[in-house]
Amino acid sequence: MHGTDPQAHGLPGFVGGTLDRVDHIRSNPALHAQAFASPNARLLVLEGLEPVTDDHGLALVPLAADARIEQHVLLGVDLQDRPIFAHLVETLEQGPNATPRSRGLADLVSASDVALYGTARSLVHWHARHRFCSVCGAPTHAHKAGWARRCESCASEHFPRVDPVSIMLAEHQGRVLLGRQHSWPPGRYSALAGFIEPGETVEEAVARELKEEAGISVHSVRYVMSQPWPFPSSLMIACIAQCDDPALTLDETEIEHAFWCDADGVAAALAGDPDAPFLAPPRMAVAWHLLDHWLRGAVAPSDARA
């Protein structure tokens, strides 16, 4: 196995990229064309939106002789000074019930490869879903080396979106609030989360989501870490907030069940103990690392830590 598990270094999946995003090349058509024509240029191989790996990590191949620059996005330049491109598609062939093999990519390739794939997946998905101008409805085409689209009629420019999501633990007297959605595997619990709405700060979104979904009021919100989540383009912003009153009133359309868990329970779940009170989120997800961060700052559980 050639991968280096990014979680071994305390990083969630899709974090730890080493690619130079070369904005000076993306915004310069001559330099962009030069990068595309370089004998060092490589294409990141994708099957639809899913990654392809080989004995070295992510599959990277030379650009085809008939490759067209306008059908590719320049992801950046890697540590070997190779321009890395991804092919843009007009349609996405992925069924609604497909299980993305990208969720297990961290077990196969390095952290930097996982981050490279995450960037490519988000961009390819965005291009396929934004082929028409939101201003006038006319077709758009890839622009600025694939980091924008430009309308062929009104000349409006459109840029890849990033959707901020607050994901948070509420803390009360040495316990944290965990919840589960109806569709999750049996026993799976995680931090609560929700999209940040227009006009909100991160702190306000944390408080609103916890009030809406669990009926609790919180204060003293503190930021912990973030994670790109390319399904399709979220930025997970992980926080911890303080709660004074633990009484829960769940929005059962969003949350099937929730409970307050102490440090012993969290430690057991993160360790994969079959007797743990819940099944932890995958290590690739920022929720796992948020729980681990909280645990390391909590009172030491009697069995799991000295």
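In terms of the salt bridge (charged side-chain N to carboxylate O under 4.0 Å, His left out) criterion, Glu254 has no residue partners (sequence neighbours excluded). Residues satisfying the side-chain contact (heavy atoms from CB on, under 4.5 Å) test with Ser217, not counting sequence neighbours, are Lys211. When the ring-ring contact (aromatic ring centres under 6.0 Å, His included) test is applied to Phe278, no partner is found at least two apart in sequence or on another chain. Every ring-ring contact (aromatic ring centres under 6.0 Å, His included) that Trp229 has, sequence neighbours left out, goes to Phe14, Phe231. Applying the salt bridge (charged side-chain N to carboxylate O under 4.0 Å, His left out) criterion to Glu152, with sequence neighbours excluded, gives no partner residue. Checked against salt bridge (charged side-chain N to carboxylate O under 4.0 Å, His left out), Asp163 has the following partners two or more places apart in sequence or in another chain: Arg161. Applying the salt bridge (charged side-chain N to carboxylate O under 4.0 Å, His left out) rule to Asp23 yields the partners Arg26; only residues at least two apart in sequence or on another chain are considered.
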Pair up each side-chain donor or acceptor in residues 181-196 with any protein partner under 3.5 Å, not counting sequence neighbours, and list the distances.
| unit_1 | atom_1 | unit_2 | atom_2 | d |
| --- | --- | --- | --- | --- |
| His182 | NE2 | Glu252 | O | 2.6 |
| Arg188 | NE | Ala280 | O | 2.9 |
| Tyr189 | OH | His257 | ND1 | 2.6 |

Donor-acceptor contacts under 3.5 Å from residues 31-44 side chains, at least two apart:
| unit_1 | atom_1 | unit_2 | atom_2 | d |
| --- | --- | --- | --- | --- |
| Ser38 | OG | Asn40 | N | 3.0 |
| Arg42 | NH1 | Pro39 | O | 3.2 |
| Arg42 | NH1 | Asn40 | O | 3.4 |

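At a threshold of 4.0 Å, the pair Arg208-Glu204 does not count as salt-bridged, since none of the basic side-chain nitrogens sits closer than that to a carboxylate oxygen.
Hydrophobic cluster of Phe159: no remaining members, since no ILVMFWY side chain lies below 4.5 Å from it.
Listed by first and then second residue, the ring pair (Phe, Tyr, Trp, His ring centres under 6.0 Å) pairs involving residues 206-225 amount to none (not counting sequence neighbours). For the side chain to side chain donor-acceptor pair (under 3.5 Å) condition, the pairs that include at least one residue of residues 131-149, sequence neighbours left out, are His127-Arg149, Thr140-Arg149, His143-Glu157.
Atom CG of residue Leu60 and atom CG of residue Leu116 lie 7.0 Å apart, to the nearest 0.5 angstrom.
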